[in-house]
Amino acid sequence: MYRTHTCGELRIEDVGQEVTLSGWVQRIRDLGGMSFIDLRDRYGITQIVANEGTSEKVVTTLSKIGREFVIQVNGVVKERSSKNKNIPTGEIEIEIKGLTILSKASLPPFTIKDDTDGGDELRMKYRYLDLRRKVVQENLILRAKMAHTTRSYLNSQEFIETETPVLINSTPEGARDFIVPSRINPGKFYALPQSPQVFKQLLMIAGFDRYYQIVKCFRDEDLRADRQPEFTQIDCEMSFVEQEDILDTFEGLTKHLFKEIKGIEVTEFPRIPYSEAIEKYGSDKPDTRFDMLIHELTGIAKGNGFVVFDSADYIGGICAQGCAGYSRKQLDQLANWVKRPQIGAKGLIYVKYNTDGSFKSSVDKFYSQDDLKKWAEKFNARPGDLLLVMSGNDSHTLKALGELRLKMGGQLNLRNNNEFKPLWVIDFPLLEWDKESGRYHAMHHPFTSPKPEDIPLLDSAPEKVRANAYDLVINGVEIGGGSVRIFDSALQAKMFGKLGFTTEQAQAQFGFLMNAFKYGAPPHAGIAFGFDRLVSLFAGLDSIRDVIAFPKNNAGRDVMIDSPSEVTKEQLDELGLRIIQKED
RNA sequence: GGUGGCGUAGUUCAGUUGGUUAGAAUAUCGGCCUGUCACGCCGAGGGUCGCGAGUUCGAGUCUCGUCGUCACCGCCA
């Protein structure tokens, strides 16, 4: 038997017991006549002590061990003469009687300890060592708990967990697919699913009524801190439901997770239309932990001879409370920040609402104190506040104001990671115009149902058609999204037409689905949560990498196994593939 | 595809205007040490300053390129 107990469980009540422990050597403190070993496993750390009573054989072995050796120790649990209040096992120690080296260890490239040692590059290359760190283990344990809790909640609601295939067809809509060549079918390719979308709809047609799956999805697009090429979704679909039923059910799941995992009662799930989110927050995933809403000034700020504003489609700004005291340097920094290519604003106008009630702005030449007072009223600003105003093309300016709002919210410490503010963004546009391809794209996906009252607009003003689509947003993070589906093959055919598919193309790509609709399709709707993002939100992390055991880097590479990698000529031949060197 | 940050000892970092032998902490190794828990004390070893070119009498430092990495923009139905 390798162990009778783990390294985290022995307490003062166990004093006198003879025990065997196995684990990794965290640290050795050799005091000469006596030494201490911190023995670590995922449950905790237990101190081992050797002193003058320890056998010669054990002392000799002890002198050979180092950091990260895997050892087995047996001995008697003793009360410590000097206790450590900082760890749960701090009142006891094991007086060593026997010691076996189970596995030697080379010196690790970074020290295994809680506060990060070794940069991301090393941590990823030696991820199996990084995963020994308690902080990283805790993230993965949190992930496991959340998956378990999700399953038991959905199981209790009569959802059926069903697996769907991973080798499917490539489709032209949406993100780039990962492609898998078929050996048995030369010249043909599978694709990895971006989501199990059509399969879950087929399961509804099959009568499963409630489906879920915690499932890997794949998108061949550039990575971000919150985007990996393979990621996990809590994927769901329900029959005989309307939008309201989905929102209720998944508010329920979200509340349950917050309560079970974090002990937090989250009650409010406000709903705001997409258009309002854009107007007030400059984003379709607003962070509602703080207000600082965007206000439009287009009507009242034009016509004073300030060319920048007079020529703008849109003028708007935000009010940073209590920031009227910002220095020239601070204001310049903000202006430079919005001028970076990532934001792309031309400039930033400020108005200081001084505590004495006067105004000082960068456009005093064009606007009187009375003019600026009107602005301030529009923002509900009070003396001591700072107005930050931008202008230009409306969608770009709103987006830039949204970014500035987030930056100011962060700067003023209004974005607290222990506070959770969910909301539903609803009424998304069904279609958006894509300049590059010169056609409409489905904003959600091609199976999303338009709002019935907007269907007449499909022909006259397609961009005005709203969808029965919804996103769950928490703290400015898009946690999930879904829609009510089209279940009528005629409407579905019309949608494909709007998206620029010919009848033949639609038939070739999605014929099986439209065909299935002919055999009695129930009204259905669904949603998918980004599981990695949800876990990182619960863990208070900005990057999803730390909640994934073996993540990929910025360039989509796994630096530990060095993938992707080349394959042999034989493999290529068998698949009928040839590598063509790209010219620069 | 683009913008920006970072790259110096195993690790974390310092390194002045371009100037002698590139430092500190920590880790490692050796010695001493009976109550440590970030043990302590003494000593030692450890460097392709990411790589390559250029400027210069002289480059860790300046310029260009390149590689790696991170964040972001585009992209992500």
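Everything numeric here is computed off the predicted structure, so don't read it as measured data. Order of the sequence lines fixes the chain letters, A, B, ..., with proteins taken first and strands second; residue numbering starts at 1 for each chain.
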Enquirer: Can you confirm whether the side chains of D562(A) and S565(A) place a donor and an acceptor under 3.5 Å from each other?
Expert: no
Enquirer: Can you tell me the Watson-Crick or wobble partner of U17(B), both distances under 3.5 angstrom?
Expert: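 Its partner: none found.
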Enquirer: Which part of the nucleic acid, if any, lies within reach of L31(A) when heavy atoms closer than 4.0 Å are counted: base, sugar-phosphate only, or nothing?
Expert: base
Enquirer: Considering only U34(B), C72(B), A27(B), which nucleotide approaches the side chain of R67(A) most closely?
Expert: A27(B)
Enquirer: Under a 3.5 Å cut-off for both distances, is G60(B) Watson-Crick or wobble paired, and to whom?
Expert: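 Paired with no nucleotide.
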Enquirer: Students often get this wrong, so: under 4.0 angstrom with heavy atoms, is S195(A) touching a base, only sugar-phosphate, or nothing?
Expert: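 Base, at least one base heavy atom under 4.0 Å.
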Enquirer: When you compare C49(B) with A22(B), how far apart are their P atoms, in angstrom units rounded to a whole number?
Expert: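 Per the computed distance, 11 Å lies between those P atoms.
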Enquirer: Establish whether the base of C76(B) is bridged to the side chain of R227(A) by a donor-acceptor pair shorter than 3.5 Å.
Expert: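 Checked by distance alone, the answer is yes.
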Enquirer: Please measure how far the P atom in G52(B) lies from the corresponding atom in U8(B), and state the result in whole Å.
Expert: 15 Å
Enquirer: Between the side-chain atoms of E121(A) and the base atoms of G7(B), is any donor-acceptor pair under 3.5 Å?
Expert: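 Flag unset: no donor-acceptor pair detected.
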Enquirer: What is the base-pairing partner of U55(B), counting Watson-Crick and G-U wobble geometry with both distances under 3.5 Å?
Expert: none
Enquirer: Taking the basic N atoms (NZ, or NE/NH1/NH2) and the acidic carboxylate oxygens, is any pair closer than 4.0 Å for E93(A) and K78(A)?
Expert: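 A salt bridge is absent here (no side-chain N lies under 4.0 Å from a carboxylate O).
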Enquirer: Looking at R123(A) and D120(A), does any basic side-chain N land under 4.0 Å from a carboxylate oxygen?
Expert: yes
Enquirer: Between atom CD in E79(A) and atom P in G35(B), what is the gap in whole Å?
Expert: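 Taking CD of E79(A) and P of G35(B), I get 18 Å after rounding.
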Enquirer: Between U16(B) and U63(B), how far apart are the P atoms? Round to whole Å, please.
Expert: 14 Å
Enquirer: Could you give the NZ-to-P distance, from K125(A) to C70(B), as a whole number of Å?
Expert: 14 Å
Enquirer: Could I get the full list of side chain to side chain contact (heavy atoms under 4.5 Å, CB included) partners for S483(A), not counting sequence neighbours?
Expert: H444(A), H445(A), T448(A), A469(A), R485(A)
Enquirer: Base, sugar-phosphate or nothing for V49(A)? Non-hydrogen atoms, less than 4.0 Å.
Expert: nothing
Enquirer: Could K285(A) and E478(A) be called an ion pair, given the rule that one side-chain N must be under 4.0 Å from one carboxylate O?
Expert: no
Enquirer: Which whole-number value in Å describes the distance from K83(A) NZ to U36(B) P?
Expert: 15 Å
Enquirer: Across all strands, who's sitting opposite A9(B) as a Watson-Crick or G-U wobble pair, both distances under 3.5 Å?
Expert: none
Enquirer: Taking atom P in both C29(B) and G18(B), compute the distance separating them and give it to the nearest angstrom.
Expert: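 The answer is 41 Å between these two P atoms.
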Enquirer: In whole Å, what is the span from the CD1 atom of I45(A) to the P atom of A38(B)?
Expert: 10 Å
Enquirer: Taking the C1' atom of each, how far is U17(B) from G60(B), in whole Å?
Expert: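 Between the two C1' atoms, the distance is 15 Å.
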Enquirer: Could you check whether P341(A) gets within reach of a base, just the sugar-phosphate, or nothing at all, counting any heavy atom under 4.0 Å?
Expert: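 Answer is sugar-phosphate: P341(A) comes under 4.0 Å of backbone atoms only.
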Enquirer: With a 3.5 Å cut-off and no angle check, do the side chains of N74(A) and K97(A) form a donor-acceptor pair?
Expert: no
Enquirer: State plainly whether the residues R415(A) and D287(A) are in salt-bridge range, i.e. N to O under 4.0 Å.
Expert: yes
Enquirer: By a strict heavy-atom criterion of less than 4.0 Å, which residues belonging to residues 542-558 of chain A are in contact with RNA chain B?
Expert: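 Output list: R545(A), N553(A), N554(A), R557(A).
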Enquirer: Any ion pair linking E173(A) and R439(A) (charged N to carboxylate O, less than 4.0 Å)?
Expert: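 Yes, this pair counts.
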Enquirer: Check whether any side-chain N or O of R80(A) sits under 4.0 Å from OP1 or OP2 of U36(B), and answer yes or no.
Expert: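 False: R80(A) side-chain N/O out of range (4.0 Å or more) of U36(B) OP1/OP2.
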Enquirer: In whole Å, what is the span from the NZ atom of K64(A) to the P atom of C29(B)?
Expert: 15 Å
Enquirer: For D30(A) and C29(B), give me the distance from atom CG to atom C1', rounded to whole Å.
Expert: 14 Å
Enquirer: Between A38(B), U28(B), C76(B), which nucleotide gets closest to the side-chain atoms of R27(A)?
Expert: A38(B)
Enquirer: With rounding to whole Å, what would you report as the distance between C76(B) and U66(B) at their C1' atoms?
Expert: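 Rounded to whole Å, the distance is 29 Å.
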Enquirer: Rounding to a whole Å, what distance do you find between R123(A):CZ and G7(B):P?
Expert: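 The distance from CZ of R123(A) to P of G7(B) comes to 19 Å, rounded to the nearest Å.
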Enquirer: Work out how far the C1' atom of A38(B) is from that of U12(B), and round it to whole angstrom.
Expert: 15 Å
Enquirer: Rounded to whole angstroms, how far apart are CE on M443(A) and P on C76(B)?
Expert: 11 Å
Enquirer: In Watson-Crick or G-U wobble terms, both distances under 3.5 Å, what is the partner of A22(B)?
Expert: none
Enquirer: Are OP1 or OP2 of C73(B) and a side-chain N or O of R224(A) less than 4.0 angstrom apart?
Expert: yes
Enquirer: Could a donor-acceptor pair under 3.5 angstrom be found where the side chain of N51(A) meets the base of G35(B)?
Expert: no
Enquirer: Report yes or no: do Y212(A) and E237(A) form a side-chain donor-acceptor pair below 3.5 Å?
Expert: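 No, because no side-chain N or O of Y212(A) sits under 3.5 Å from a partner of the opposite role on E237(A).
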Enquirer: Can you see if the side chain of K399(A) gets near the phosphate of G74(B) - specifically, an N or O under 4.0 Å from OP1 or OP2?
Expert: yes
Enquirer: What does G40(B) pair with, Watson-Crick or G-U, if both distances are under 3.5 Å?
Expert: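 Matched G40(B) with C32(B) under the 3.5 Å cut-off.
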Enquirer: Would you mind classifying the nucleic acid contact of Q47(A) as base, sugar-phosphate or nothing, using non-hydrogen atoms under 4.0 angstrom?
Expert: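 Counting heavy atoms under 4.0 Å across all strands, the contact made by Q47(A) includes a base.
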Enquirer: Compare the minimum distances between each of C75(B), C37(B), C72(B) and the side chain of A225(A), then state the nucleotide with the smallest one.
Expert: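 Closest of the options to the side chain of A225(A): C72(B).
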Enquirer: Could you tell me whether the side chains of Q17(A) and D14(A) share a donor-acceptor contact shorter than 3.5 Å?
Expert: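 D14(A) and Q17(A) do have a side-chain donor-acceptor pair below 3.5 Å.
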Enquirer: So, applying side-chain hydrogen bond (donor to acceptor under 3.5 Å, both in side chains) with T164(A), which one of Q197(A), Q213(A), K200(A) is it?
Expert: Q213(A)
Enquirer: Which is more 5' along RNA chain B, the nucleotide nearest R176(A) or the one nearest D226(A)? Just name the residue.
Expert: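 That would be D226(A).
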Enquirer: Any donor-acceptor pair under 3.5 Å joining the side chain of Q342(A) to the base of C73(B)?
Expert: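 Check fails, no donor-acceptor contact within cut-off.
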Enquirer: Does A71(B) have a Watson-Crick or wobble partner in any strand here, with both distances under 3.5 angstrom, and which is it?
Expert: U3(B)
Enquirer: Taking OP1 and OP2 of C39(B), is either one under 4.0 Å from a side-chain nitrogen or oxygen of R29(A)?
Expert: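 Result: yes.
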Enquirer: For C13(B) versus G31(B), give the span between their P atoms, rounded off to a whole number of Å.
Expert: 33 Å
Enquirer: Taking any heavy-atom pair under 4.0 Å as a contact, classify L122(A): base, sugar-phosphate, or nothing.
Expert: sugar-phosphate
